[in-house]
Every structure is written in C-alpha cells, then in structure tokens.
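To start, the structure itself, in structure tokens.
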Amino acid sequence: MEKHNIFEALPQDLTQEVFEPLVTGSNLLIERIISKAHVTPAGQWYNQQRSEWVMLLQGAAKLEFEDGKEVDLKLGDHLNIPAHVRHRVAWTSEEEETIWLAVHY
C-alpha cells in the first residue's frame, strides 16, 4: 500500500484536460480529473455506459445537459449523473485548476 494525496503531483502541462485513474475494478473506476479553462468541444456530449458520481474538490465548473439544464459546481458540490444522460463540461475556472473526483460505476 502506498499513500497518495489528491492535491499533490499536479501536472505542470495542462494544455489538455488530465484524467488519472486512482482505482480500477471490473465495474468501477475512480479518477482524478484536472481541468483549467477546459470545456467539452461544442456539439460533443458525453454519453457514458456507466453512471458517474462527481465531486468538485477545487476550482469551479459548469455542466450542461442535453435537455438544457445547467449545473454550476463549486468547492464540495457533488452530483450523480446516470448512465446515458448526455452532458458536457460547459466551463471550468481559468484562474486555478479545477480538481474533480469522479466515480464511474
């Protein structure tokens, strides 16, 4: 067993959004996502096979859903997104890294 800290070892190059698996299993993925001014490209939607629970640990973000609903997320906010609910990241903070904890199940 090796101890890690979710706020340490942040990548220096955030040209692209960073997805880092923390725990993987047959029906489970827990990952750290690091965004900084990243958005899902216009017209593209996530349509995931598994449900996803996300929590914002740092920064701020806005999710947009295909039905037009928008959800602003700030420090400590969390949300469960059922499988096949089409969504996209509409905005993430430009001033600081946005750190997400995502559980795909």
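- In plain terms, the two heavy atoms of Ile34 and Glu17 that are nearest each other are O-CG, 3.4 Å.
- Of the possible donor and acceptor atoms, none in the side chain of His84 sits under 3.5 Å from a partner among the backbone N and O of Asn47.
- Here the side chain of Thr98 pairs no donor or acceptor atom with the backbone of Ala61 at under 3.5 angstrom.
- Put simply, the side chain of Thr24 never gets that close to the backbone of Leu29: no donor and acceptor are under 3.5 Å apart.
- Here NE2 of His104 is found 4.0 Å from CD of Glu52. Values are rounded to the nearest 0.5 Å.
- Linking Ile, Leu, Val, Met, Phe, Trp and Tyr residues whenever their side-chain heavy atoms come within less than 4.5 Å leaves Met55 and Leu63 in two separate clusters.
- Rounding to the nearest 0.5 Å places CD1 of Ile99 at 6.0 Å from CZ of Arg32.
- Thr92 places a side-chain N or O within donor-acceptor distance of the main-chain N or O of Ala37, the cut-off being under 3.5 Å.
- Around CG of Asn27, the count of heavy atoms belonging to other residues, nucleotides or ligands within 6.0 Å does not exceed 12.
- There is no path of hydrophobic side-chain contacts, each under 4.5 Å, that joins Phe65 to Val39.
- Cluster annotation: Val18 and Leu101 are assigned to the same hydrophobic cluster (Ile/Leu/Val/Met/Phe/Trp/Tyr, side-chain heavy-atom contacts under 4.5 Å, transitive).
- The OG atom of Ser51 sits 6.0 Å away from the CG atom of Asn80 when rounded to the nearest 0.5 Å.
- Glu96 places no side-chain N or O within donor-acceptor distance of the main-chain N or O of Gln58, the cut-off being under 3.5 Å.
- Of all non-hydrogen atoms in Trp100 and Ser35, the two that sit nearest each other are NE1-OG, 3.0 Å.
- Within the 4.5 Å cutoff, the side chain of Asp72 has no heavy atoms near those of the Asp77 side chain.
- Not counting sequence neighbours, the partners of Glu70 by the salt bridge (Lys or Arg N to Asp or Glu O under 4.0 Å) test are Lys62.
- Atoms CG and OG, from Leu73 and Ser93 in turn, are 12.5 Å apart once rounded to the nearest 0.5 Å.
- Checking side-chain atoms of His38 against main-chain N and O of Val89 turns up no donor-acceptor pair under 3.5 Å.
- Residue Trp53 is grouped with residue Ile6 when hydrophobic side chains (ILVMFWY) are merged at heavy-atom distances under 4.5 angstrom, including chains of intermediate members.
- Linking ILVMFWY residues whenever their side-chain heavy atoms come closer than 4.5 Å, directly or via other members, places Leu79 and Ile33 in the same cluster.
- The ring of His87 has its center no closer than 6.0 angstrom to the ring center of Trp45.
- Side chains of Glu64 and Arg88 form a contact here, defined as non-hydrogen atoms less than 4.5 Å apart.
- Note that the CG atom of Leu57 and the CZ atom of Phe7 stand 5.0 Å from one another [nearest 0.5 Å].
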